[in-house]
Undergrad: 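Attaching a single structure in structure tokens format; questions to follow.
Scope of the values below: all heavy atoms of this structure, side chains included, with no hydrogens, waters or symmetry mates.
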Amino acid sequence: MPGSIAERLKRCAGFQWDAGNREKSWIKHGVSPAESEEAFDNLPLLLSEDEKHTGMEERFHAMGQTDRGRRLLITFTFRGERVRVISARPMNEFERNDYEQAT
């Protein structure tokens with residue numbers, strides 16, 4: 001699908017969750033699907049390609065914040081017209097610094 005990551009997100013019709021990934025994000029990191037989805041709706045939202053996982057599937061990172069201001073790093077891909085979250089976790093200190101400097 002051509003276009004920037006932001007353009008591709010604008011064309012998406014929602015989210016798709018794999019039960020294992022949803023459970024992992026909740027159990028390991030305490031991040032709910034609702035929080036992950038909120039981060040895509042709030043500004044600023046920083047988007048980048050996941051260059052470490054170049055394989056058969058394109059992966060991307062989103063750095064954003066929830067409605068309560070919790071800062072998350074979300075790894076995702078596109079599945080048709082939906083965003084498929086692979087993992088979501090709180091940003092670490094390095095990521096928070098990058099996020100704050102970029103905004």
Side-chain angles (χ1 to χ4, degrees):
M1 180 184 289
S4 71
I5 304 167
E7 290 169 345
R8 291 173 71 178
L9 277 174
K10 287 179 187 176
R11 293 192 296 261
C12 283
F15 292 83
Q16 177 188 68
W17 287 90
D18 171 78
N21 290 342
R22 180 179 58 232
E23 187 174 319
K24 178 184 72 173
S25 291
W26 176 248
I27 291 171
K28 190 172 180 182
H29 303 293
V31 178
S32 71
E35 284 183 299
S36 300
E37 294 176 17
E38 283 176 5
F40 283 92
D41 290 332
N42 293 326
L43 296 177
L45 180 66
L46 304 180
L47 302 167
S48 63
E49 292 186 38
D50 181 353
E51 296 176 3
K52 291 183 181 179
H53 290 96
T54 57
M56 296 182 64
E57 176 177 76
E58 289 181 301
R59 289 188 178 184
F60 306 95
H61 293 299
M63 295 174 83
Q65 56 188 343
T66 67
D67 292 348
R68 295 167 129 184
R70 187 175 185 198
R71 294 184 174 173
L72 302 178
L73 176 72
I74 303 161
T75 301
F76 68 98
T77 191
F78 293 100
R79 292 285 170 90
E81 295 182 4
R82 298 196 181 271
V83 172
R84 184 173 181 128
V85 175
I86 297 166
S87 69
R89 62 171 176 75
M91 290 181 203
N92 63 34
E93 183 178 352
F94 177 76
E95 294 158 344
R96 281 191 309 273
N97 289 336
D98 283 349
Y99 182 76
E100 289 168 7
Q101 289 178 8
T103 59

Undergrad: Is F60 reachable from I86 through a run of I, L, V, M, F, W or Y residues, each pair having side-chain heavy atoms under 4.5 Å apart?
TA: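 No: no chain of side-chain contacts under 4.5 Å links I86 to F60.
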Undergrad: What is the distance from atom OG of S48 to atom CE of M63, rounded to the nearest 0.5 Å?
TA: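 If I round to the nearest 0.5 Å, the distance is 8.0 Å.
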Undergrad: Considering only heavy atoms from C-beta outward, does the side chain of L72 approach that of E38 to under 4.5 Å?
TA: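 They are not in contact (no side-chain heavy atoms under 4.5 Å apart), so the answer is no.
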Undergrad: May I ask you to decide if the ring planes of F40 and F76 are parallel, tilted or perpendicular, using 30° and 60° as cut-offs?
TA: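 Plane angle over 60°, so perpendicular.
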Undergrad: Just wondering, more than 12 heavy atoms not from E100 lying within 6.0 Å of its CD?
TA: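 Enclosed: over 12 neighbouring heavy atoms sit under 6.0 Å from CD of E100.
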Undergrad: If we only count heavy atoms from C-beta on, is the L45 to L9 side-chain gap below 4.5 Å?
TA: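 Result yes, sub-4.5 Å side-chain heavy-atom pair found.
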Undergrad: Who are the salt bridge (Lys or Arg N to Asp or Glu O under 4.0 Å) partners of E37, not counting sequence neighbours?
TA: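 Residues passing salt bridge (Lys or Arg N to Asp or Glu O under 4.0 Å) with E37: none at all.
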Undergrad: With rounding to the nearest 0.5 angstrom, report the CD to OG distance, E23 to S25.
TA: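 These two atoms lie 10.5 Å from each other.
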Undergrad: Do you know which two heavy atoms are closest between R70 and G30, and how far apart they sit?
TA: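 Closest pair (atom of R70, atom of G30, distance): NH1-O, 3.0 Å.
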Undergrad: Measure the shortest side-chain to side-chain distance between R79 and E57 over non-hydrogen atoms and say whether it is less than 4.5 angstrom.
TA: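 Yes, at least one pair of side-chain atoms sits under 4.5 Å.
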Undergrad: Report yes if some heavy atom in the side chain of I74 is under 4.5 Å from a heavy atom in the side chain of V83; otherwise report no.
TA: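 No. Closest side-chain heavy atoms not under 4.5 Å.
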Undergrad: Who pairs with Y99 by ring-ring contact (aromatic ring centres under 6.0 Å, His included), at least two apart in sequence or on another chain?
TA: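 Partners of Y99 by the ring-ring contact (aromatic ring centres under 6.0 Å, His included) criterion come out as none, since no residue qualifies.
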Undergrad: If you look at every heavy atom in E49 and I5, which pair is closest and at what distance?
TA: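 Looking at all heavy atoms of both residues, the shortest contact is N-CD1, 4.0 Å.
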Undergrad: Taking all non-hydrogen atoms of both residues into account, name the closest pair between R82 and C12 and its distance.
TA: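 Closest heavy-atom pair between R82 and C12: C-SG, 4.1 Å.
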Undergrad: Would you check, one step at a time, whether the test side-chain contact (heavy atoms from CB on, under 4.5 Å) holds for V85 with F15?
TA: CA-CA 8 Å; V85 175; F15 292 83; 4.2 Å; yes
Undergrad: Are R68 and E35 within salt-bridge range, i.e. N to O under 4.0 Å?
TA: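 Answer for the salt bridge query: no.
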Undergrad: Taking the side chain as C-beta and beyond, is there a heavy-atom pair between S36 and W17 under 4.5 Å?
TA: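 SC-SC contact between S36 and W17 confirmed.
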Undergrad: Starting from the C-alpha separation in whole Å, work towards a yes-or-no answer on side-chain contact (heavy atoms from CB on, under 4.5 Å) for R89 and E95.
TA: CA-CA 11 Å; R89 62 171 176 75; E95 294 158 344; 2.6 Å; yes
Undergrad: Is a side-chain N or O of R84 found less than 3.5 angstrom from the main chain of T77, in a donor-acceptor match?
TA: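 No, the answer is negative, given that no donor and acceptor are paired below the 3.5 Å cut-off.
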